[in-house]
Amino acid sequence: MESSVQSESRTTERAHRSSNGQHVDRLSAIRHEMEYINTIGKRFVAAFDRFQVHRALLAALQEIYNFSACCILLKGDPFELFIIPSYPLSTAFLEGMIQRIANAANVIDFPHVDAEQLARTAYLDAPDELARPRGEKEIAGTEIGSCLNIPLTVENRIIGLLSLFDERPGSFDTNLLQLTTMIADYAAVALENVRLRERETALWRQAEFERQRLELILRSMAEGLLITDARGTVTSLNQSARLLFSQVGIDFKLPTPLYQLAETNNAPWVSRLVEIIGQAQRSKTVTNQEVMIGIDDETVPLTLSISAAPLHDANSIPNRPIGVVAVINDVTSNKQIERLKDEFVSVVSHELRTPLTAIKGYTQHLVRRIERRLRKLRGPQPESNQPAEAAPEPPESYDLRSLNIIQSQTEHLERLVNDLLDLSQVQWGHLDLHYESFYLADELADSVRSVQASTEQHTITLEVQARDTKILADRARIAQVVGNILDNAVKYSPHGGLIKVCLEQHDEEFQINVIDEGIGVSPEYYDHIFERFYRVHNTAIRQYSGIGLGLYVAKAIVDRHGGRIWFTNNQNIGTTFSFTLPGRPRTGPLAKA
Ligand code: ADP
């Protein structure tokens with residue numbers, strides 16, 4: 001009994017020892033497997049580019065299989081195929097592999113793969129350190145003996161295919177399939193990481209390239225560029241802007257809030273700059289605002305033309321720009337040229353005025369003499385209402401008509417010269433007015449008479465719809481405005497017709513309308529017609545003489561009087577030019593007089 005117990009306990013002990021031994025073996029196998037997996041994992045994690053991933057993959061696989069080549073096919077446009085041979089392979093073997101890879105890819109979830117196309121783009125990744133001398137028993141064949149295909153997946157998404165090929169049959173043990181799939185998964189994740197990193201690097205490189213290009217453009221721009229953030233702090237200035245500001249003693253240290261600049265510098269141009277930027281901060285685009293930065297006694301001060309626009313990005317709230325970009329141009333030399341041109345025009349106009357005054361004076365003298373002679377020739381007028389017998393017209397009456405035309409044309413020429421003389425005054429805001437009290441209706445009648453004398457084709461009428469037309473204004477200037485508008489009405493009505501001048505009174509202001517039956521003005525020119533030297537550009541206009549100053553000066557005079565000027569196209573034909581004039585100045589010392 002005892003012995004049986006003893007022998008039983010010995011048997012149990014043996015059994016226990018043997019099961020313990022198995023257990024130890026299993027444990028050491030697991031430890032070994034885990035160490036292996038750990039080493040592989042580390043290699044994949046350390047791999048920085050796709051070739052390092054290939055090496056890590058090859059090293060891991062070579063520990064469990066003997067094979068001739070390992071291939072990686074990656075999805076993409078185009079596909080990428082990497083062939084990593086264990087030793088040099090024959091062309092037939094390579095072709096066979098590519099054909100089999102194409103077949104395998106077409107079986108799994110892959111867009112169609114063409115073997116010929118793969119062959120053209122295949123990349124042979126055979127680094128020296130991978131080359132393994134072929135074992136003596138290894139067959140140098142052209143045939144593929146065995147093959148193993150495993151999809152490369154990341155988060156259940158197939159990103160490629162891993163294929164192993166060997167010249168000998170049965171090289172790939174199916175028991176190791178699970179381990180091989182795990183290695184393939186590691187490789188897939190590592191390859192995807194490399195792909196993401198490459199894409200990120202490419203994007204960074206592209207962004208950096210764009211940044212450098214932009215910087216180069218900004219640096220080489222002749223225009224000054226100033227960029228602020230949403231709060232109006234200057235964050236960036238290009239070289240030209242720095243140069244412009246340094247001319248007026250401002251050395252920007254970035255970032256500088258604009259309000260700080262305004263606090264330390266009370267020059268009017270600084271507050272103007274702050275105002276322009278402020279408008280852009282409120283989402284308004286401002287263009288070509290002239291800002292003079294000059295010492296007062298300079299003939300032409302440093303003049304900048306500033307345009308500013310709000311900066312919006314895709315995420316910014318509407319009307320809340322993320323900053324402002326301002327372009328600054330030095331237009332001083334343009335101003336200099338303009339000033340010279342104006343001076344030239346002014347000198348020439350002065351020179352023209354002297355002979356004109358003489359012509360006008362002598363014509364007037366002749367007109368009066370001929371009128372006197374005609375009165376003498378005709379004798380006293382019969383008192384009765386009976387019509388006198390028609391006497392032949394004396395030659396003096398023809399002379400008088402001719403002289404009237406000379407007189408009217410001289411007045412037209414005088415208006416042109418006056419417009420030219422006024423140009424620089426208007427331009428630099430020095431248009432002076434000499435107020436006097438007169439009857440507007442009388443002045444209009446004089447202008448109508450004068451212009452009527454220059455044309456037989458047109459009939460000019462005056463209609464006064466006002467009781468008291470007494471006005472306090474610059475008489476000569478108002479005559480200039482009416483004369484310019486009437487000259488145009490005649491000039492741009494080439495087929496003659498009726499020209500009506502209407503004087504209306506609305507409360508404290510007068511409105512003068514000049515209605516013609518001429519060629520009309522297309523509404524698209526509305527914004528420009530009152531600009532300096534502006535003439536409507538259509539071919540027809542070429543037949544009309546003019547210099548594009550009449551309306552510019554007329555507008556300046558009307559504006560200075562505190563009135564408005566505009567035009568409308570008549571429904572049937574022609575144009576109506578209108579302007580208003582207050583009965584007396586609205587501001588200044590004469591306003592209450
Ligand atoms: P100018 O007559 O010397 O060209 P203005 O400043 O007087 O210059 O007029 C500017 C332009 O306005 C003219 O060139 C013409 O095209 C247009 N314009 C002015 N008045 C009339 C009008 N009554 N009818 C048609 N077009 C006119």
Side-chain angles (χ1 to χ4, degrees), residues 203-204 206-336 338 427-429 527 531 559:
L203 282 175
W204 271 111
Q206 176 75 12
E208 180 56 18
F209 172 72
E210 288 298 331
R211 194 191 64 76
Q212 283 181 5
R213 206 164 65 111
L214 200 68
E215 206 176 282
L216 207 72
I217 293 171
L218 298 187
R219 209 178 310 144
S220 50
M221 261 174 77
E223 292 84 4
L225 197 90
L226 177 149
I227 297 170
T228 76
D229 64 10
R231 293 170 168 199
T233 296
V234 182
T235 52
S236 150
L237 274 181
N238 72 350
Q239 195 60 22
S240 307
R242 277 188 188 284
L243 224 84
L244 278 176
F245 286 117
S246 71
Q247 282 183 50
V248 282
I250 290 182
D251 182 19
F252 266 102
K253 300 253 179 309
L254 296 181
T256 300
L258 269 180
Y259 74 85
Q260 226 173 57
L261 179 70
E263 272 171 9
T264 51
N265 192 325
N266 59 3
W269 73 266
V270 176
S271 43
R272 187 78 189 97
L273 174 71
V274 175
E275 189 189 312
I276 292 168
I277 302 283
Q279 286 184 28
Q281 277 178 298
R282 293 189 291 280
S283 276
K284 196 173 164 230
T285 301
V286 191
T287 48
N288 298 329
Q289 295 294 307
E290 272 184 17
V291 174
M292 280 193 239
I293 312 178
I295 307 142
D296 286 344
D297 53 12
E298 264 179 311
T299 17
V300 180
L302 174 68
T303 311
L304 303 182
S305 166
I306 305 180
S307 300
L311 276 175
H312 289 283
D313 74 355
N315 305 321
S316 67
I317 310 163
N319 293 332
R320 293 263 299 277
I322 56 158
V324 168
V325 57
V327 177
I328 306 165
N329 267 307
D330 182 355
V331 290
T332 316
S333 50
N334 293 4
K335 289 275 147 195
Q336 232 148 0
E338 256 177 49
Q427 179 77 358
W428 301 99
D527 288 339
E531 283 170 12
D559 285 350

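The analysis underlying the following values was restricted to heavy atoms, covering all of them including side chains, and did not include hydrogens, waters or symmetry mates. All values derive from a computational prediction rather than experimental measurement. The first residue of the sequence shown is numbered 1, and numbering continues consecutively from there.
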Please set out all donor-acceptor pairs under 3.5 angstrom arising from side-chain atoms of residues 251-260, sequence neighbours excluded.
| from | atom 1 | to | atom 2 | distance (Å) |
| --- | --- | --- | --- | --- |
| D251 | OD2 | K253 | NZ | 3.2 |
| T256 | OG1 | K253 | O | 2.2 |

Taking T332 for the side chain and T303 for the main chain, is one N or O donor matched with an acceptor at less than 3.5 Å? yes
Just list the side-chain donor-acceptor pairs under 3.5 Å for residues 216-226, sequence neighbours left out, or say none.
| from | atom 1 | to | atom 2 | distance (Å) |
| --- | --- | --- | --- | --- |
| R219 | NH2 | E215 | OE2 | 3.0 |
| S220 | OG | L216 | O | 2.7 |
| S220 | OG | I217 | O | 3.2 |

Once rounded to the nearest 0.5 Å, what's the spacing between atom CH2 of W269 and atom CD1 of I293? 4.5 Å
Any side-chain heavy-atom pair from M292 and K335 closer than 4.5 angstrom? no
Measure the CD-CG distance between Q281 and L311 for me, rounded to the nearest 0.5 Å. 11.0 Å
Check whether any side-chain heavy atom of I276 lies under 4.5 Å from a side-chain heavy atom of V291, and answer yes or no. yes
Of Q279, E275, R272, which meets side-chain hydrogen bond (donor to acceptor under 3.5 Å, both in side chains) against Q289? R272
CD on Q212 to CD on E210, rounded to 0.5 Å: 10.5 Å
Spacing of OG1 belonging to T228 relative to CD1 belonging to I322, to within rounding of 0.5 Å: 10.0 Å
Tell me the closest heavy-atom pair linking A267 and N265, and the distance in Å. N-OD1, 3.0 Å
Do you know which two heavy atoms are closest between L237 and V234, and how far apart they sit? CG-CG1, 4.0 Å
Between N329 and V331 (side chain of the first, backbone of the second, donor and acceptor by atom type, cut-off under 3.5 Å), is there such a pair? no
Return the minimal non-hydrogen interatomic distance between P321 and A280, and the atom names on each side. CG-O, 3.8 Å
Identify which one of V325, N288, V286 satisfies the side chain to side chain contact (heavy atoms under 4.5 Å, CB included) criterion when paired with S307. N288
Nearest 0.5 angstrom please: L244 CG to I250 CD1, how far? 11.0 Å
Measure the spacing between CG of L273 and CG of L304 and express it to the nearest 0.5 Å. 9.0 Å
Using atom types as modelled and distance alone, determine if a side-chain donor or acceptor of T285 lies under 3.5 Å from a backbone N or O of A309. no
